[in-house]
Structures are given as structure tokens and as C-alpha cells.
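Here is the naming used below: chain letters follow the sequence lines, and residue numbers restart at 1 for every chain.
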2 protein chains.
Amino acid sequence: MKLQLALDVCTIEEGIDLVESVRDYIDIIEIGTPLILEHGLRPVALFKERFPEKLILADAKIMDAGEHEAKLCFAKGADIVTVLGVAHDSTIAGVVKAAKAYGKQVLVDMIDVHEVRSRALEIEKLGVDYLCVHTAFDIQSTGVNPLDELRLITSVLTTGKAAVAGGVKVATVGDIVKEKPEIIVVGGGIASSLDPVVSAKRIKEIMEGK
Amino acid sequence: MKLQLALDVCTIEEGIDLVESVRDYIDIIEIGTPLILEHGLRPVALFKERFPEKLILADAKIMDAGEHEAKLCFAKGADIVTVLGVAHDSTIAGVVKAAKAYGKQVLVDMIDVHEVRSRALEIEKLGVDYLCVHTAFDIQSTGVNPLDELRLITSVLTTGKAAVAGGVKVATVGDIVKEKPEIIVVGGGIASSLDPVVSAKRIKEIMEGK
């Protein structure tokens, strides 16, 4: 089980400082969509060079031109690239093709997929590595959380591994860990907590059953 | 009726040269998703400065954190920002809120929306400016084209204006013009044609009924 730290609303320098401080507890560094929007893929290369022992995920949320856009990400050093579950199958297949060419991985972001169960089964057949249930930031204030969708998806997947994102924090990670996802994504639950180091350490301990 | 030139698979320098050559015929410069992925929003500011008489569209394809991501784009000089029609209503509403704060515009990319008619009506109520039917690049080789969806959407919209994208070229733009969309997006139909200047000129003439 891996802990992924999402870097979303921060500068590159703040992101580097945060990763330095929680380096012992995280496995994957996510270069978030807003960061890519601002800086392009430069932070992917930069964090890969600075933290070579970590996996770097480029949250490109690819929706079209799958093979081309994924290649751009992998060429810059991404270990995992995201594509949207609402994208066309041929787009997801293009991302998988690019990943295989680079020996890297694909995470499908299931954000705003309505029929999670049936779509997960379709997507799994395309050869992706991870399917990530994801409560959109824009609806987290309504109290929705990704636990129910995580249970749904872990009950149907056979080859793909489950990941989970959207508002995860110290108080909620225990129930999530019970579902045994391969990746747990935490953003604000670490970055915006009172003490990011304490939060990251505690989340990692809970993931390790401590 | 406006002609939007999509800059997707090119370097910034190639994009500048192309826009220079067809400057007389286009109204909107689209900074395409692959270009944003590579360079972030830097090309938005750059093209706005270089071609101040044109509208600049940032094809951010926003899927979450609508207000935040749209503000990033508008702050860099974008006149129009794209959000996905498959995104949650609150995400689209966030993009609209940011656009109103900046006095700018929102285009909803209807790519991979399954119920175009009913979803268009829901989205129109959120106060967006344009709804763009869009045949994904990754399925254009199957012969699908956006004309049927364009007819569907122009028949239901009242306040929102129609836009159309996906494989449009000299040979197909005539039928599209008959449906009177507000924006016609052309990428490869100009950039990859034998003579981009001739193609852009001809497309603009057809749009003007010549």
C-alpha cells in the first residue's frame, strides 16, 4: 500500500519543502493538475531529479490524444500518468500503449464516472494499472467521500489495482485502509493540516497497521 | 461566426509562424491541451502579447477545482477557458464564476458526453457562453464527425452559443457553416494541410458565404 502526496495548490518551492519534510512517509509524488496548468511538465522532471527514490505521478487527466499526451509526460520522467475514466476507450488504450513503450504505468481517474462498477470492468480490460475512485474537490463540501465507491471497485477488480483520492485525512484514512487499496492519495489532508509532518507520519502508520 | 485555429502538435515557434501566416483569416487562437501540458500557461501570455487583436482560448479541459484552475488561465490573459461537459455542475459553475470576475468567457467541451441534448440544457443554465460539440481526435479515424451533434445542439440552445471541433477541414466546413455555429475550430485542417494559408483563407471565405 502506497501513500501518494498530491501537490496541487502550491508553488514549486513550497512543494519541494513539503516533500523534503515528509520524505520518510510518502511513496509517490503527484504533480497536480493546477501545477501542470501553471508550469507544464517541468515540475515532473524537477521532482524526479530531486527525489529519485520516489515515483512521480503526472496528473494530466488526459481526455483525448491519449498516446501523444502520455508520451509527453513519460518523456519528462513521469512514472505514472493519469487518464480520465470518462474518456473514450481508444484514448485510454493510447495512454496504455505509451506506458508500455516506456515501461511505465497508467492510473485511471474515475472522477465523475456515473456507472463505476460497469465502467471499471470495461477499463480494466484495457490493461491499465490502477483505477482511482475520486471525489471531486468541487463536491467535497457536500460531505460526499470516496469510501463507498472504493468498496464497489475493490469488489470487482481482478487485474487492476484500486486507488482512492478526494478529501482523505488522518480522521478518515482508517476506514479506507480496511479496503486495502494499492494507493491512497492525500493532498490537503497533509499539506493543509496543522502539522503536515505529524499528519503524514500518522497516515503512514495507520496504513502500516500501527 | 468566428474561426478558431487550434495549436496542438507544434512547438511555440511553429505556432507563432503559423498564426503569422494566417493572421488575416482567424479570430481565435487556441492554445491546445498538449501545448499547455508541455509549457503550462506561458504560451497563453505569449500569444496574447504577440497577437493582441485575437481572442486567446486556453484549452485547459478543466475537470475539477473549476474556479481555481480557470482563474489561473484568466490571470495569464486567456479570453476563453474550456471546461469539460462531463465535469460536475459545481466545477462548471466555478469556471463561470471565475470568468465573470475577469469579464471573460467559458466554452464547455462536450467531448464524450453521451446524452448531448439533455446535458446541453443543464449546462446552458449554468451561464456558460459556448457549448462545443467535439469529436475526439482518438476516434476521428472511425469516420465519426461532429455534424450530427452540432445539429442536435443548435436545435436546443437558447442562451448558449454553439461551437464545433474535431476534424473540420475545407471539404467539410460547408455543411457545418449551414448550421450557423458561433465558433468553428480547425486544427489539422489548416496546420496539416498542404498549404495552411490557402486552407485558412478558403475556410474563412466559406464561413462568409463566398
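- Surrounding NZ of B/K71 are at most 12 heavy atoms belonging to other residues, nucleotides or ligands under 6.0 Å away.
- The distance from the CD atom of A/E38 to the NZ atom of B/K76 is 5.5 Å, given to the nearest 0.5 Å.
- Rounding to the nearest 0.5 Å gives a distance of 6.5 Å between CG of A/L37 and CD1 of B/I62.
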> Going through the checks in order, is the side-chain hydrogen bond (donor to acceptor under 3.5 Å, both in side chains) test met by A/D138 and B/S90?
Replying inline: CA-CA 6 Å; A/D138 286 334; B/S90 59; 5.0 Å; no
> After noting the C-alpha distance and the side-chain angles of B/V86 and A/M63, does the key distance pass the side chain to side chain contact (heavy atoms under 4.5 Å, CB included) rule?
Replying inline: CA-CA 10 Å; B/V86 290; A/M63 185 64 182; 4.0 Å; yes
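- Proximity to chain A is absent for every atom of B/H114, based on heavy atoms less than 4.5 angstrom apart.
- Around atom CD of B/E115, no more than 12 heavy atoms belonging to other residues, nucleotides or ligands sit under 6.0 Å away.
- Note that CD of A/E69 and OG1 of B/T33 are 5.5 Å apart. Values are rounded to the nearest 0.5 Å.
- In this structure, chain B has no heavy atom under 4.5 Å from any part of A/T142.
- The number of heavy atoms from other shown groups lying within 6.0 Å of CZ (B/F137) does not exceed 12.
- No donor-acceptor pair under 3.5 Å is formed between the side chain of B/D64 and the backbone N or O of A/A136.
- When each of B/H88, B/E67, B/H68 is checked for heavy-atom pairs under 4.5 Å with chain A, B/H88 comes out on top.
- Remark: B/K2 NZ is loosely packed, at most 12 non-hydrogen atoms of other residues, nucleotides or ligands lying under 6.0 Å away.
- Interatomic distance, A/L41 CG to B/I36 CD1, rounded to the nearest 0.5 Å: 11.5 Å.
- Contact annotation for B/L84: only side-chain heavy atoms (C-beta onward) come within less than 4.5 Å of a heavy atom of chain A.
- For A/K169, the NZ atom sits in a loose shell: 12 or fewer heavy atoms of surrounding residues, nucleotides or ligands are nearer than 6.0 Å.
- When the shell of 6.0 Å around NZ of B/K54 is examined, it contains more than 12 heavy atoms from other residues, nucleotides or ligands.
- Only the side chain of B/L72 comes within less than 4.5 Å of a heavy atom in chain A; its backbone stays farther off.
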